[in-house]
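One structure below.
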Amino acid sequence: MNDPLDGYTALAALSPAARERVLTNSQQIQVPAGAQVFDEHQRCGGFPFVLEGAIRVIKRSAQGRELPLYRVLPGETCIVSTSCLLGHADYNASGIAERDSTLLLLPPNEFEALMAEPAFRDFIFRLISERMADLMQLVEEVAFRRLDARLASHLLGRGRLLHVTHQQLADELGSVREMVSRLLKGFADQGLVRLGREQIEVVDPTGLRRLAAPEAM
């Protein structure tokens, strides 16, 4: 029988007793694509191990705009959940299942007990360090890089034909649809892309790369 924690190689050094305790006391949860896993101001229900699928963590504004913070894939876990458990606080962001996902949820009291295990504690601290670096990069992108350069960069590396709406792009960039649509129209006028119904064709990737380059900031 496969061990659900096999994907978490960082926990290979976990003692057999601690590993068995995790598996015995955790609850396996199936989350359908598009379902909300957690939301702001909710009490943290536990520490999630993602076994299958992907969870998108976002921050919503009072006006309903969304800023994607990061994704949690199998073998990773969520710094928002971790910080809530460590600080005994409510969630300060929201989590959405990007596709059908399977989670192993460790209760808060078991999370606290597991922090006494050096292998698990090292895993948590490394997670916090890596996620903080990612979030600092996101802050730099949003605060200092022009939206046209960010949008150009976002269109690259996803194939020639992107099946995506302007609203989806706006959500992914933490912007509004009207601004993204205006920029895309400008890209189309320059011959960089061709716009269709819920799709964008990249016509001139070299031109997009030039626009996305750091000197374009």
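Just so you know, these numbers come straight off a predicted model, no measurement behind them.
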Whether [Y] and [X] form a salt bridge (side-chain N of Lys/Arg under 4.0 Å from carboxylate O of Asp/Glu) is what I want to check.
X: R60; Y: E40; result: no
X: R160; Y: E201; result: yes
X: D122; Y: R126; result: no
X: K59; Y: D171; result: no
X: E52; Y: R99; result: no

Could you pull out the closest heavy-atom pair between [X] and [Y], with the gap in Å?
X: I58; Y: P68; value: CG2-CA, 4.0 Å
X: L23; Y: P4; value: CD2-CD, 3.8 Å
X: A93; Y: V80; value: CB-CG2, 4.1 Å
X: L135; Y: Y70; value: CD2-CD2, 4.2 Å

Working to the nearest 0.5 angstrom, can you tell me the gap between [X] [atom1] and [Y] [atom2]?
X: L127; Y: S83; atom1: CG; atom2: OG; value: 9.5 Å
X: H41; Y: S94; atom1: NE2; atom2: OG; value: 8.5 Å
X: L51; Y: Q30; atom1: CG; atom2: CD; value: 8.5 Å
X: L14; Y: L5; atom1: CG; atom2: CG; value: 7.5 Å
X: L155; Y: L162; atom1: CG; atom2: CG; value: 6.0 Å
X: L208; Y: L192; atom1: CG; atom2: CG; value: 5.0 Å

Subject >> Within the 6.0 Å centroid threshold, strictly below: F120 and F47 >> reply: yes
**OP:** Could you tell me which residues satisfy side chain to side chain donor-acceptor pair (under 3.5 Å) with H154, sequence neighbours excluded, listed by chain and number?
**Re:**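 H154: side chain to side chain donor-acceptor pair (under 3.5 Å) contacts with R158, E172.
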Subject >> Criterion salt bridge (charged side-chain N to carboxylate O under 4.0 Å, His left out) on R71 and E98, from CA distance to verdict >> reply: CA-CA 9 Å; R71 284 176 173 81; E98 280 199 325; 2.8 Å; yes
Original post:
With distance as the sole test, does S26 use its side chain to make a donor-acceptor pair with the main-chain N or O of L104 at under 3.5 Å?
Top reply: no
Original post:
Under 3.5 Å, is there a donor-acceptor pair between the side chain of R56 and the main chain of A97?
Top reply: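 No.
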Subject >> Whether F123 and F49 hold their rings parallel, tilted or perpendicular, with breakpoints at 30° and 60° >> reply: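 Ring orientation of F123 relative to F49: parallel.
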